[in-house]
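One structure is given here, and the rest of the page talks about it.
Residue numbering restarts at 1 for every chain, and letters A, B, ... go by the order of the sequence lines.
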Number of protein chains: 2
Amino acid sequence: MSVATVSRTLNNQETVDADLADRVRAAAAELGYRRNGLARSLRLQRADVWALIISDIANPFFTAIARGVEDVAQREGFSVVLCNTDEDPAKEAQYLEVAEQEQVSGVILSPNEIGSDISQLTRLGVPVVAVDRPLRERVDSVLVRSAAGAQEATEHLIDAGWRRPACITGPETAQTAIQRLTGYRRALVARKKRPAASLVRHADYRADRAATATAELMDGRNPPDSFFVANSEMALGVLQELRRRGLRVGEDVGLVAFDNAPWTAFTDRPLSVVAQPAYEMGVLAGELLIERVGVPLDQQPAPRVRRLPTELIVRGSSLRP
Amino acid sequence: MSVATVSRTLNNQETVDADLADRVRAAAAELGYRRNGLARSLRLQRADVWALIISDIANPFFTAIARGVEDVAQREGFSVVLCNTDEDPAKEAQYLEVAEQEQVSGVILSPNEIGSDISQLTRLGVPVVAVDRPLRERVDSVLVRSAAGAQEATEHLIDAGWRRPACITGPETAQTAIQRLTGYRRALVARKKRPAASLVRHADYRADRAATATAELMDGRNPPDSFFVANSEMALGVLQELRRRGLRVGEDVGLVAFDNAPWTAFTDRPLSVVAQPAYEMGVLAGELLIERVGVPLDQQPAPRVRRLPTELIVRGSSLRP
DNA sequence: TTGTAGGCGTTATCAA
DNA sequence: TTGATAACGCCTACAA
C-alpha cells in the first residue's frame with residue numbers, strides 16, 4: 001500500500017477501507033511506528049504546542065496557573081511547553097524567540113515588563129495571552145483586581161483595630177506591585193488616615209529584602225503596628241524578622257499578605273491572605289487562546305481583558321487579641 | 001544569492017565571503033527573518049531540546065531540580081521543555097510519546113513507577129536520565145541517599161530525648177517512601193528500640209492524609225511522642241493536626257521532615273529538616289545527559305548511578321525543651 | 001477508494 | 001567561494 005493510505009489511516013480519515021485501515025494499524029503497532037511530529041508540523045505549518053512562559057517557577061502562584069493552562073491544553077489536544085524566565089528579560093526574549101522558531105500555535109506569557117516585545121509573534125499571527133501582568137501591546141489578558149484586593153486587606157487590618165499599617169510591596173517596575181500599593185493607599189484614605197511614604201517599602205518580592213524592610217520600619221521613629229505585604233514570599237521575610245524581635249503576629253502585630261500559598265494556613269498564627277484565583281486564571285488564559293488558534297486573523301475578536309476578583313481569607317494573623 | 005549561501009552565513013560557516021555575509025545579515029535583520037526551527041530539526045534529525053518530565057510541579061523539590069537542569073541546558077545551548085505528570089502514569093506515557101515525536105535529544109524523568117516504559121526512547125537512541133526515583137531499565141540515575149537521611153533524622157530524634165518516634169511516609173509503591181521507612185527502621189534498631197508497625201503510616205505524600213494519620217497515631221493505645229515525616233507536604237498536615245490538639249512541636253512533640261522547603265524555617269518552631277540537594281541533582285542530571293547527546297551508541301558509557309547525600313538541618317521542632 | 005507527486009524550510013553534498 | 005539540488009518525513013491536491 002502507499003504512504004498516502006497510511007497517512008490517511010493514522011489521521012482517522014473516512015476515505016479509507018476499513019480492512020485496509022486495520023492492516024495499517026496492525027503493522028504500525030507491530031513496528032512500533034511513531035510519526036515524526038517535526039515533519040508533520042513543518043508540513044502543516046503549525047505545531048499543536050503552546051508555550052507557557054512564566055516568570056518564576058518556584059512561585060506556587062505561577063505553578064497553579066500552569067496547572068490551569070495544562071488542563072485546558074490537554075482537553076483541547078495541545079501540549080504545553082513550560083519555560084521559566086526567572087524574572088530575567090533576556091531569558092524571556094530568548095524563549096519568545098524559541099516559541100517563534102518552533103512555530104507554536106499560541107503563547108501564554110507573564111511578562112517581566114509591560115514593554116516586553118511580542119511584536120514578532122503577533123506579526124506572524126501567533127496569538128499571545130498575557131497573564132497576571134499587563135502588556136503595553138494590546139492582547140488578551142487575564143489579570144487580577146490587585147488594587148481592590150489590597151484595599152480590602154488593608155481596610156480589614158484597620159477595621160480589626162490596627163492603627164498604623166505599613167505596606168511592603170514589590171519592585172517599582174512591576175504593575176502588580178504598583179497596584180497593590182495603590183490599593184493600600186486607597187484604604188488609608190477611605191478610613192480617613194494619611195498615607196505616609198515612611199510606611200511604604202519596595203522589597204522586590206523577595207523574602208530577604210522584606211526582612212530588611214521590616215527591620216527598617218520597626219526601627220523607624222514611628223513604627224507601624226501592622227503590615228500589608230504584597231506576596232507570600234515576602235511574608236516569610238516579615239515573619240522571620242518579627243520573630244527575631246520576639247513579636248507575635250496576630251498578637252503584637254497584624255499581618256495580611258497576598259497569595260494563599262499552601263503553608264500559609266500553618267504558620268503561627270495562621271496567615272490572613274488575599275487569595276488569587278491562580279488555577280482559574282490559567283484555565284481562562286487557555287480558553288482565550290483556544291478561541292484564537294486556527295482562526296484567520298481577520299476573524300479574530302478584539303483583544304479582551306478579564307479581571308478576576310481576589311478573596312480575603314481571614315485567619316489569625318490579622319486579628320487583634 | 002542562493003539559499004545555500006544564506007544558510008552558511010547564518011550558521012557562521014567560514015567559507016563565505018565577508019562582504020556577502022554582511023549583506024545576508026543585513027537583509028535578514030531588515031526582513032525580520034527567523035529560521036524555522038522545525039525544518040532545521042527535521043533536516044538535522046535532532047532538536048536542540050531536552051524534555052524534563054517531572055511528577056509534581058507544585059513541589060518545590062522538583063522545581064529546584066528543574067532550575068538545575070535549566071541552567072546546564074542553557075549553558076550548553078539546549079532549550080528545556082518542562083512537562084508535569086501530576087503523578088499520573090497516563091500523562092507520563094503521553095509526554096514520553098511527545099518527547100519521542102518531537103525528536104528531543106534527551107529526556108530527564110522522575111518516573112512515577114519503577115516500571116515506567118522508556119524502551120521506545122532508548123530503542124531510538126534517545127538518552128534518558130532518571131532523577132529522584134530509580135527505573136528498572138538501566139539508565140543514568142541521580143538519586144538521593146534517602147535511607148541514610150531518614151536514619152540520621154530518626155536517630156537525631158532519639159538522641160534528642162524522644163522515646164517513641166513514629167514514621168509517616170509516602171505510598172507503598174514509591175521507592176523513596178520505602179527507603180525512608182527503611183532508614184527509620186534502621187535507626188530504631190541502631191538505638192536498640194523495637195520497630196513497631198503500629199507507629200508507621202503510609203500517607204501518600206499528601207498533607208490531608210498525613211493529618212489523618214497523625215490523628216490515628218495520637219489516638220492509638222500507645223501514642224508516639226515524635227514524628228519522622230517523609231516530605232514537607234505531609235509535615236504541613238502533621239503540624240495542622242498537632243495544633244488542633246493543642247500540642248506544640250519542639251515542646252510537647254518532636255518533628256523532623258524531609259525537604260528543606262522555603263517555609264520550613266518560618267513555622268513555629270522552625271522545622272528540623274532533611275535537606276535534599278535538589279538543585280545539584282538537576283545540574284548533575286543535565287551533566288550526565290550532556291555526556292550522551294550526540295555520542296554514537298557504541299561509544300556511550302555504561303549506565304551510571306549517582307547517589308547524593310542529604311543534610312540534616314536541626315532547627316527547633318526536633319528538640320526537647 | 002487508492003496512488004503519485006509536490007512541497008513545507010532547512011542543511012549537506014557535489015560540481016562549478 | 002558559490003550555486004544547484006537532493007534529501008529529512010509528512011500531508012494533500014489531483015489523477016486514476
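Within the structure, every side-chain polar atom (N or O) of B:N36 is placed at least 4.0 Å from both OP1 and OP2 of C:dC8. Remark: A:T5 is not in phosphate contact with C:dT2, judged by side-chain N or O atoms under 4.0 Å from OP1 or OP2. In this model, the phosphate group of D:dG9 is not approached by any side-chain N or O of A:Y33 to a distance below 4.0 Å at OP1 or OP2. Checking the phosphate oxygens (OP1, OP2) of C:dT11, no side-chain nitrogen or oxygen of B:Q45 falls inside 4.0 Å. Dashed line: the shortest gap from a side-chain N or O of A:S7 to OP1 or OP2 of D:dC11 is under 4.0 Å. For B:S2 and D:dA4, the shortest distance from a side-chain N or O to OP1 or OP2 is not below 4.0 Å. Distances shorter than 4.0 Å separate none of the side-chain N or O atoms of B:R35 from OP1 or OP2 on C:dT10.
With hydrogens and angles left out, the side-chain atoms of A:D56 and A:Y205 include no donor and acceptor closer than 3.5 Å. Counting only N and O atoms by type, the side chains of A:N36 and B:Q101 include no donor and acceptor under 3.5 Å apart. For B:Q300 and B:E291, the side-chain atoms include no donor-acceptor pair closer than 3.5 Å. A donor-acceptor contact closer than 3.5 angstrom is absent between the side chains of A:E137 and A:S119. With 3.5 Å as the limit, one finds a donor-acceptor pair spanning the side chains of A:S55 and A:S110.
Within the nucleic acid shown, B:R46 has no heavy atom closer than 4.0 Å to any nucleic acid atom. Here B:L44 lies in heavy-atom contact (under 4.0 Å) with sugar-phosphate atoms only. Residue-level contact check: A:Q101 touches neither bases nor backbone, having no heavy atom under 4.0 Å from any strand. Across all strands shown, B:L38 has no heavy atoms under 4.0 Å from either base or sugar-phosphate atoms.
Counting to the nearest Å, the P atom of C:dG9 and the CG atom of A:L124 are 11 Å from each other. Atom P of nucleotide D:dG3 and atom CE of B:M1 are separated by 8 Å, given to the nearest angstrom. If you take CG of A:L20 and P of C:dT1, they are 11 Å apart, rounded to a whole angstrom. Atom pair A:D17:CG and C:dT2:C1' shows a separation of 10 Å (rounding to whole Å applied). A:E102 has its CD atom 15 Å from the P atom of C:dG9, to the nearest Å. Between A:R43 atom CZ and C:dG7 atom P the separation is 10 Å, expressed in whole Å. A:L42 has its CG atom 12 Å from the P atom of C:dT11, to the nearest Å. To the nearest angstrom, P of C:dT1 lies 12 Å from CG of A:D19.
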(request) Tell me, with the steps shown, if A:R67 and B:D86 meet salt bridge (charged side-chain N to carboxylate O under 4.0 Å, His left out). (result) CA-CA 9 Å; A:R67 290 182 162 213; B:D86 254 344; 2.7 Å; yes
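Projected onto DNA chain D by closest heavy-atom contact, A:Q13 and A:A39 fall at different nucleotides, the more 5' of which corresponds to A:A39.
Interface remark: the A:R8 side chain does form a donor-acceptor pair with the C:dG3 base, using a distance-only criterion of under 3.5 Å.
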